Amino acid sequence: MSFYVSSFVLDLAINTKNKNDIMNMQSPSPIRNRKYATEITVANDGEHVSIAGWVHEKRDLGGVFFLIVRDLRGYSQVTLHKGKVEKELFEHVKRVPRESVVAIEGKVKSEPKAPLGYEIIPERMEVLSEASQVLPLDTTEKVGAELDTRLDARFMDLRTERTKHVFVIRSRVLKAIRHFFDAKGFIEINTPKIVSAATEGGTALIPISYFEREAFLNQSPQLYKQMLMGAGFDRVYEIAPIFRAEEHDTTKHLNEATSVDVEVAFVSDKEVMAILEELIAFVYSKVMDYPDLGKLNLKLEVPKLPFRRITYDEAIKLLSEAGEEIEWGEDLSTSAEHTLGRIIDELYFITDWPCAIKPFYAQPATKGKSICNAFDLMHPKVELASGSQRVHSYELLKRNIESKGLSADSFEYYLDTFRFGMPPHAGWGLGVERLLMSMLEINNIREVVLFPRDRRRLAP
RNA sequence: GCCCGGGUGGUGUAGCGGCCUAUCAUUGAGCCCUGUCGAGGCUCGGACUCGGGUUCAAAUCCCGACCUGGGCGCCA
């Protein structure tokens, strides 16, 4: 699992600690040449090693005692034979509570009876941090825990195999996304999360107190990334949190989520759709390389390009044939999304949406028509992304804002950009959590966020 | 926000008017056991969300609050 922290980085951290003598208080001795479980093999037979980690399990057979130590990468079996090790050490190891942090020095011994073909015969154990009992949940995953219990004790839930993999994969996905865009010459941007006024409308904002004024947490970087098109940045992306005050209480909504936002100048919606599907396929391929995917019981396939495209009209027709009537101009209901997902059964785009149910910045297809060059990327179970070609005409944009019942004045800074040379452009926003949950077949979006924020949960 | 479920030891559960001094597993404490890998065996400890009500009797029925699972709406 080469993507984990390299031991180089780790050694560096420890050396710094030595230098600064940080560990002087209550002074546990520094762990020299710490090895990860996966760095030790039968080939190290007879060598002296140091391991450090959490006490995962203890198996007391009377005359022989097994201590399973867990670290970031894996598990080590430490074996003690009564009578063969110092009595004091034997008793010490026996008494250390589960989930305590320990450092162990010992010898690697090749042993066919051990699960990994070798085990560690300890010479010294230091308890760096003794864990309280009883544990809030079972890190060996033998007894399950409900999501709510897991989130309350998230620090401990993250110690479980499954949960840890979810977040290592999440890191991989984000890394893959950055890699993808960097290779395509995109500029990564950071736009403000504290904003003065409603941006797009449509969703409820989270108000905050900002010195003597009221401000809000941004619902999306939409307006800013468009302004950067006017600035001549041509292709930008941002991976950042978005905030919504919606009181939705579902398995696929969060009040704080992560969005991948993209905006590209001098192209239409067709080009950014191609970028989006290419990105998704790339991310899938990177996740498929994950060595422990088997432990999540997943069978992933890289989706074939190009994704199927259906128009909004076709979607309505398909739904009608399936007995689900959607009036033209209505947004798709959750059950309509699911029905379509069952019919199509793969990733697909819905294009040519009625302008009335798309934001003011979506470009109408042709003059006088009520269809927009807007699209949604759908997974059979959940919407992943939506985007469009953008209006780049100042006049049209202003008219659109007003026709949506919004005040053009509060969009002054945004609108101004369009008066001084704005290229045609297009873009989209993709929900990172939704992408992850759909790939990993996880039903609740909260599972793919370290510390999720929803209607009720504000801590931890 | 609406509709429908549910809150029982640390965790996951059984019980759904009197057989409850509340089941089982796991965890914890202790004991036995020299090859575990969901170790095994024995002993002990540990719980009915809160507040009202109905009843001779409430974990069990009713009402409210809080929390929670699912569906829908809104939304990405």
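Predicted model only: the values in this text are computed from it and were never measured. What's counted below: heavy atoms across the whole structure, side chains too, no hydrogens, waters or symmetry copies. Note on naming: letters A, B, ... go to the chains in the order of the sequence lines (proteins, then strands), and numbering restarts at 1 for each one.
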Ring geometry between His56(A) and Tyr75(A) (parallel below 30°, tilted from 30 to 60°, perpendicular above 60°): tilted
His48(A): ring pair (Phe, Tyr, Trp, His ring centres under 6.0 Å) partners, not counting sequence neighbours: none
Under 3.5 Å: donor-acceptor pair, side chain of Glu271(A), backbone of Ser268(A): yes
Whether Asp454(A) side chain and Arg457(A) backbone form a donor-acceptor pair below 3.5 Å: yes
Pair Arg159(A) + Glu99(A): basic N to acidic O under 4.0 Å: yes
Same-atom distance (C1') from G6(B) to U27(B), integer angstrom: 24 Å
Nucleotide of A76(B), C72(B), G35(B) approaching Thr79(A) most closely (side-chain heavy atoms): G35(B)
Interatomic distance at P, G38(B) relative to C33(B), whole Å: 24 Å
Counting only pairs under 3.5 Å, give me each side-chain donor-acceptor contact of residues 255-262 of chain A, with atom names and distances, residues two or more places apart or in other chains.
{"residue": "Thr258(A)", "atom": "OG1", "partner": "Arg170(A)", "partner atom": "NH2", "Å": "3.1"}
{"residue": "Thr258(A)", "atom": "OG1", "partner": "Glu433(A)", "partner atom": "OE2", "Å": "2.8"}
{"residue": "Ser259(A)", "atom": "OG", "partner": "Asp261(A)", "partner atom": "OD1", "Å": "2.5"}
{"residue": "Asp261(A)", "atom": "OD2", "partner": "Lys225(A)", "partner atom": "NZ", "Å": "2.5"}

Verdict with supporting geometry, Glu277(A) and Arg309(A), salt bridge (charged side-chain N to carboxylate O under 4.0 Å, His left out): CA-CA 11 Å; Glu277(A) 61 190 349; Arg309(A) 286 143 165 82; 3.0 Å; yes
Integer angstrom distance from the C1' of C74(B) to that of G15(B): 40 Å
Parallel, tilted or perpendicular: ring planes of His425(A) versus Phe418(A), cut at 30 and 60 degrees: tilted
Interatomic distance where CG belongs to Asp157(A) and C1' belongs to G10(B) [whole Å]: 15 Å
Whole angstrom value for the distance that separates P of C67(B) from CZ of Arg446(A): 14 Å
For Tyr237(A), ring pair (Phe, Tyr, Trp, His ring centres under 6.0 Å) partners two or more places apart: Phe181(A)
Sugar-phosphate, base or nothing in reach of Glu57(A), heavy atoms under 4.0 Å: sugar-phosphate
Sugar-phosphate, base or nothing in reach of Leu384(A), heavy atoms under 4.0 Å: nothing
Sugar-phosphate only, base, or nothing, as touched by Thr251(A) at under 4.0 Å among non-hydrogen atoms: sugar-phosphate
Separation of the C1' atoms in U8(B) and A25(B), to the nearest angstrom: 15 Å
Nearest-angstrom distance from the residue atom CD of Glu330(A) to P of C75(B): 11 Å
Sugar-phosphate only, base, or nothing, as touched by Ala114(A) at under 4.0 Å among non-hydrogen atoms: base
Contact pattern, 5' to 3', of nucleotides 40-49 of chain B - B, S or - by protein heavy atom under 4.0 Å: ----------
Let me have the donor-acceptor pairs involving side chains of residues 90-98 of chain A, under 3.5 Å, with sequence neighbours excluded, atom names and distances please.
{"residue": "Arg98(A)", "atom": "NH2", "partner": "Asp138(A)", "partner atom": "OD1", "Å": "3.3"}

Residues which pass ring pair (Phe, Tyr, Trp, His ring centres under 6.0 Å) with Trp353(A), listed by chain and number, not counting sequence neighbours: Tyr312(A)
Listed once per pair and sorted, the salt bridge (charged side-chain N to carboxylate O under 4.0 Å, His left out) pairs that draw on residues 332-349 of chain A, sequence neighbours left out: none
Euclidean distance for C1', C75(B) against G1(B) (whole angstrom): 13 Å
Gap in Å between the two C1' atoms, one belonging to G46(B) and one to G5(B), rounded: 29 Å
Any donor-acceptor N/O pair under 3.5 Å between U27(B) base and Gln133(A) side chain: no
d(CZ, Phe66(A); P, G38(B)) in whole Å: 13 Å
Check: Leu318(A) main-chain N/O paired with Glu321(A) side-chain donor or acceptor under 3.5 Å: no
Presence of salt bridge, Asp376(A) and Lys358(A), under 4.0 angstrom: yes
Nearest-angstrom distance from the residue atom NZ of Lys58(A) to C1' of U26(B): 15 Å
Backbone N/O of Glu447(A) and side chain of Asn444(A): donor-acceptor pair under 3.5 Å: no
From A76(B), C72(B), U36(B), nucleotide with atom closest to Arg59(A) side chain: U36(B)
For RNA chain B, the residues among residues 450-460 of chain A that have a non-hydrogen atom under 4.0 Å from it: Arg455(A), Arg456(A)
Dump every N/O contact between nucleotides 6-9 of chain B and the protein below 3.5 Å, one line per pair.
none

Rounded distance (Å) that lies between atom C1' of U36(B) and atom CG of Leu116(A): 13 Å
Distance, C1' atom - from G7(B) to G45(B), rounded to whole angstrom: 24 Å
Atom P, compared across C63(B) and U21(B): separation rounded to whole Å: 27 Å
Side-chain donor or acceptor of Ser320(A) paired with backbone N/O of Ile316(A) under 3.5 Å: no
Value in whole Å for how far the P atom of G38(B) lies from NE2 of His56(A): 11 Å
His338(A) vs Glu119(A), nearer the 5' end of RNA chain B by closest nucleotide: Glu119(A)
Any donor-acceptor N/O pair, Asp71(A) side chain to Ala37(A) backbone, under 3.5 Å: yes
Residues within residues 135-152 of chain A bordering RNA chain B, heavy-atom distance below 4.0 Å: Leu135(A), Pro136(A), Lys142(A), Val143(A), Gly144(A), Ala145(A), Glu146(A), Asp148(A), Thr149(A)
Ranges pairing with ranges for RNA chain B, where each run has three or more Watson-Crick or G-U pairs under 3.5 Å: B:1-7 with B:66-72, B:10-12 with B:24-26, B:28-32 with B:40-44, B:49-53 with B:61-65
Cation-pi, Phe180(A) ring and Lys184(A) (6.0 angstrom, 45 degrees): yes
Along RNA chain B (nearest heavy atom to each residue), the more 5'-positioned of Lys109(A) and Glu256(A): Lys109(A)
Spacing between Lys252(A) atom NZ and G70(B) atom P, to the nearest angstrom: 11 Å
Contacts of Ser110(A) that satisfy side-chain contact (heavy atoms from CB on, under 4.5 Å) - sequence neighbours left out: Val42(A), Asp45(A)
Any Arg434(A) side-chain N or O less than 4.0 Å from OP1/OP2 of A76(B): no
Touch class at under 4.0 angstrom, heavy-atom based, for Glu99(A) against every strand present: nothing
